A.B. asks: 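First the structure, which I've put down as structure tokens, then a few questions once you've had a look.
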Amino acid sequence: MLKLDENARRELWQRLIEAIEQYHKSVATMKVAPTLNVEELRALLAPFDFNRPLGPGEALDFAVEGLTKYQVHTPHPRYFGLFNPAPTTMGIAADALVAAFNPQLAAWSHSPWAVEIERHLINAFAARFGYEPEQTDGTFCSGGAEANQTALLTALTHHFPQFEKRGLRALPAQPVLYISAQSHHSFFKAARFCGLGTDAVREVATDGQFRMDVEQLAAQIKEDRANGSAPFMAVGTAGTTSGGVIDELAKMAQLADDEKLWFHVDAAWGGAAVLVPELREAVGGIERADSITFDAHKWLSIPMAAGMYLTRHIDILSRACRITTDYMPRDAAGMGITDPYTHSIQWSRRFIGLKLFLSLAVAGWKGYEETLRHQAAMGNLLRRQLKDNDWEIINQTPLPTVCFTDRTRPEGRSSTYLESIARTVVALGKAWLSTTRLNPEAPVLRACLTNYDTQPDDVAALVSALNEARNC
Ligand SMILES: *Cc1c(COP(=O)(O)O)cnc(C)c1O
């Protein structure tokens with residue numbers, strides 16, 4: 001029952017391919033977001049007691065219909081959302097292949113080709129970020145949250161030699177780390193998972209451009225040292241989640257250096273800027289980071305999930321993650337290879353790198369450069385059109401995330417009003433965007449160019465839906 005016969009397989013693959021192609025062709029005509037109704041969904045699933053087997057085609061159709069009707073269509077060209085891309089075609093093919101071959105990426109000897117593909121990619125991206133490829137290590141992750149968690153673990157391991165064996169209780173002082181008020185909240189989770197607790201995270205205020213205020217950072221470090229705490233890590237963000245804002249990375253790198261802190265750059269989305277010559281400078285300083293988080297499933301449009309953690313400390317992942325056991329294969333001992341499970345939080349692991357490898361192999365750096373440039377241009381177009389229609393741009397970034405408020409209304413800067421605008425646009429079904437805050441006093445509407453297929457008419461449609469919502 002688990003393996004279908006050849007005819008049934010052929011029929012299923014055919015149906016699967018047609019469903020994918022059909023979705024691809026028609027997604028642009030769909031309502032971007034569904035109506036949310038939990039009772040309806042539970043009623044739909046209630047008949048599934050798994051006592052009456054379904055035919056494979058019937059089961060597949062059920063899934064296709066469910067996904068079509070009940071999701072925010074992030075692959076829609078009018079989804080101006082949260083860094084969720086339209087997936088690359090090669091990425092979709094790669095993920096299907098990976099499911100079929102099911103390579104095990106814990107041990108090198110089980111999947112040497114797959115492990116070497118990932119190593120090759122880590123080195124290639126290291127070079128793009130300005131690291132010395134031969135002096136770089138890294139691992140593919142489930143996403144930015146795991147990469148940030150890995151960064152925290154490696155920073156603790158590097159800074160506190162006792163941590164590796166004796167844990168936090170062996171440390172003479174309370175370790176503290178620094179993020180900005182606009183950093184991703186996965187650092188709070190990571191602090192909890194590492195046993196530090198969320199109080200160990202210092203949220204440094206941002207400056208007038210919503211970047212980490214580096215003077216404040218310096219003052220906070222001084223104060224913490226005076227209070228007997230042990231600062232060990234500072235996090236800069238290259239492309240904040242709310243505003244796409246880039247911290248002053250070079251300045252932060254210098255301060256971290258002076259203070260002997262591990263400097264991590266969370267470049268989950270914005271790191272892709274290194275692939276575009278005219279955007280590269282905006283993330284200058286990233287090459288000085290001790291470690292970098294990068295999500296290929298964001299701006300590079302790889303299907304979820306494809307996170308990466310990179311570091312220029314070649315020994316640190318091994319120190320943080322390596323455990324040896326008798327039951328793991330040792331067929332490749334002496335070959336100078338690394339078993340991925342010794343450099344990762346994960347053990348059994350899916351082959352994450354293939355979808356990036358095949359996408360990059362087909363598009364090339366040049367193809368990506370042109371695509372990202374197009375998206376940045378669509379971001380600039382959106383900024384211009386919003387200004388022309390009396391929306392006020394609040395964030396400053398060369399990356400295509402646009403935060404704005406309404407100039408035409410006295411309540412145009414209030415969160416209630418802005419949320420109602422976003423809700424109305426989404427309910428109209430014509431586009432998807434959200435609200436966020438750049439600081440507690442700065443609620444904004446937020447539109448991000450996440451889709452490589454978004455064209456000027458899609459941008460115009462968003463602006464016209466916003467204008468319509470304003471007049472509802
Ligand atoms: C998305 C994001 C994360 C979290 O990454 P996931 O892939 O969702 O786990 C971390 N940092 C930044 C800046 C992000 O934009």
Side-chain angles (χ1 to χ4, degrees), residues 72 74 79-85 87 91 95 125 129 138-155 177-194 201 203-204 206 210-212 233-249 252 263-274 282-283 285-286 289 291-310 344-346 349-350 352-353 355-356 372 375 379 395 397 399-403 434 436-438 446-450:
V72 174
T74 55
Y79 172 76
F80 294 91
L82 300 165
F83 301 153
N84 302 307
D95 248 7
F125 276 86
F129 283 120
T139 178
F140 276 82
C141 305
S142 59
E146 186 192 330
N148 286 341
Q149 168 96 49
T150 307
L152 188 48
L153 273 173
T154 50
L177 67 138
Y178 303 88
I179 65 173
S180 90
Q182 285 290 299
S183 292
H184 195 268
H185 283 67
S186 53
F187 288 101
F188 287 102
K189 262 192 174 181
R192 201 179 278 159
F193 294 168
C194 286
V201 184
E203 237 183 354
V204 178
T206 50
F210 312 104
R211 303 176 300 186
M212 182 184 277
M233 179 189 197
V235 177
T237 308
T240 55
T241 312
S242 282
V245 168
I246 302 162
D247 283 337
E248 294 172 285
L249 302 178
M252 287 188 71
F263 180 45
H264 177 68
V265 173
D266 181 357
W269 173 68
V274 298
V283 294
I286 196 169
S291 54
I292 297 172
T293 285
F294 181 59
D295 266 348
H297 68 221
K298 287 185 173 164
W299 206 356
L300 297 191
S301 299
I302 303 303
M304 280 178 269
M308 292 162 92
Y309 163 91
L310 294 103
S344 163
I345 290 176
Q346 298 184 47
R349 184 160 68 72
R350 183 182 174 86
I352 299 169
K355 47 197 169 183
L356 176 56
L372 304 186
Q375 288 175 287
N395 63 332
T397 175
L399 310 184
T401 298
V402 187
C403 297
S434 57
T436 185
R437 279 173 197 272
L438 297 175
R446 174 190 184 281
C448 178
L449 274 291
T450 57

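Atoms within each ligand, like the ligands themselves, are counted from 1 in listed order. Quick note: residue numbers are just sequence positions, from 1. In this text, all values refer to a predicted model and were calculated from it rather than measured experimentally.
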A.B. asks: Does N148 approach ligand 1 within less than 4.0 angstrom via side chain, backbone, both or neither, non-hydrogen atoms only?
C.D. replies: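 Contact part for N148 vs ligand 1: side chain (C-beta onward).
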A.B. asks: So, regarding F83 and ligand 1 (criterion: nitrogen or oxygen to nitrogen or oxygen, under 3.5 Å), is there a contact or not?
C.D. replies: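 Not met; the criterion fails.
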A.B. asks: Counting N and O atoms only, with roles assigned by atom type, does the side chain of T450 sit under 3.5 Å from a partner on the main chain of Y79, one being a donor and the other an acceptor?
C.D. replies: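 Yes; judged by distance alone, with no hydrogens or angles, the pair exists.
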A.B. asks: Just wondering, do F83 and D295 contact through their side chains at under 4.5 Å, heavy atoms?
C.D. replies: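 Of all side-chain heavy-atom pairs linking F83 with D295, none is under 4.5 Å.
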A.B. asks: Between F187 and H264, how do the two ring planes meet: parallel, tilted or perpendicular, split at 30° and 60°?
C.D. replies: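 Perpendicular.
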A.B. asks: N/O to N/O below 3.5 Å, does that happen between H297 and ligand 1?
C.D. replies: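 N/O-N/O distance under 3.5 Å: yes.
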A.B. asks: Do Q346 side-chain atoms and C141 backbone N/O form a donor-acceptor pair below 3.5 Å?
C.D. replies: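 Such a contact is absent between Q346 side chain and C141 backbone.
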A.B. asks: Could you tell me whether G239 and ligand 1 have an N or O pair separated by under 3.5 Å?
C.D. replies: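 No.
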A.B. asks: Side-chain contact, heavy-atom cut-off 4.5 Å: F125 with I292?
C.D. replies: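 A side-chain contact is absent here, since even the closest heavy-atom pair is not under 4.5 Å.
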A.B. asks: Suppose I only count heavy atoms of D295 and a 4.0 Å limit; which atoms of ligand 1 are within that range?
C.D. replies: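 Those atoms are 5 (O), 6 (P), 7 (O).
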A.B. asks: Is N395 reaching over with its side chain to a backbone N or O of T401, donor-acceptor style, under 3.5 angstrom?
C.D. replies: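 Yes: the side chain of N395 pairs with the backbone of T401.
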A.B. asks: Counting C-beta onward and ignoring hydrogens, is there a side-chain heavy-atom pair between L153 and I345 closer than 4.5 Å?
C.D. replies: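 Yes, their side chains come closer than 4.5 Å.
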A.B. asks: Of all the atoms in ligand 1, which lie at a distance below 4.0 Å from a heavy atom belonging to T241?
C.D. replies: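 Within the 4.0 Å cut-off of T241, ligand 1 contributes 12 (C), 13 (C), 14 (C), 15 (O).
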A.B. asks: Taking 4.0 Å as the limit for heavy-atom contacts, which would you say applies to E146 with ligand 1: side chain only, backbone only, both, or neither?
C.D. replies: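 Neither; nothing of E146 gets under 4.0 Å from ligand 1.
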A.B. asks: Has ligand 1 got any nitrogen or oxygen that is less than 3.5 angstrom from a nitrogen or oxygen of D266?
C.D. replies: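 Among all N and O atoms of D266, at least one is under 3.5 Å from an N or O of ligand 1.
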A.B. asks: Can you tell me which residue and heavy atom of the protein come closest to atom 9 (O) of ligand 1, and the distance to 0.1 Å?
C.D. replies: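 The closest heavy atom on the protein side is A145 N, 2.8 Å.
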A.B. asks: Among protein heavy atoms, which lies nearest atom 6 (P) of ligand 1, and at what distance?
C.D. replies: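 Of the protein heavy atoms, G144 N, 3.2 Å lies nearest.
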A.B. asks: For M304, state whether at least one heavy atom is located under 4.0 Å from any atom of ligand 1.
C.D. replies: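 Outside the 4.0 Å threshold, so no.
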A.B. asks: Please say which of T206, D247, I246 ends up in a side chain to side chain contact (heavy atoms under 4.5 Å, CB included) with R211.
C.D. replies: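 Between R211 and the candidates, side chain to side chain contact (heavy atoms under 4.5 Å, CB included) is satisfied uniquely by D247.
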A.B. asks: Show the atoms of ligand 1 that are less than 4.0 angstrom away from any heavy atom in G143.
C.D. replies: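 Once the distances to G143 are compared, the set is 7 (O), 9 (O).
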A.B. asks: For atom 3 (C) of ligand 1, what's the nearest protein heavy-atom neighbour? Residue, atom name and distance, please.
C.D. replies: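 Looking only at protein heavy atoms, the one closest to atom 3 (C) of ligand 1 is K298 NZ, 3.2 Å.
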A.B. asks: Look at atom 10 (C) of ligand 1 and say which protein heavy atom is nearest, naming residue and atom and giving the distance to 0.1 Å.
C.D. replies: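 The protein heavy atom lying closest is H184 CG, 3.2 Å.
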A.B. asks: With heavy-atom distances below 4.5 Å as the criterion, would you say the side chains of L152 and M233 are in contact?
C.D. replies: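 Sidechains of M233 and L152: in contact.
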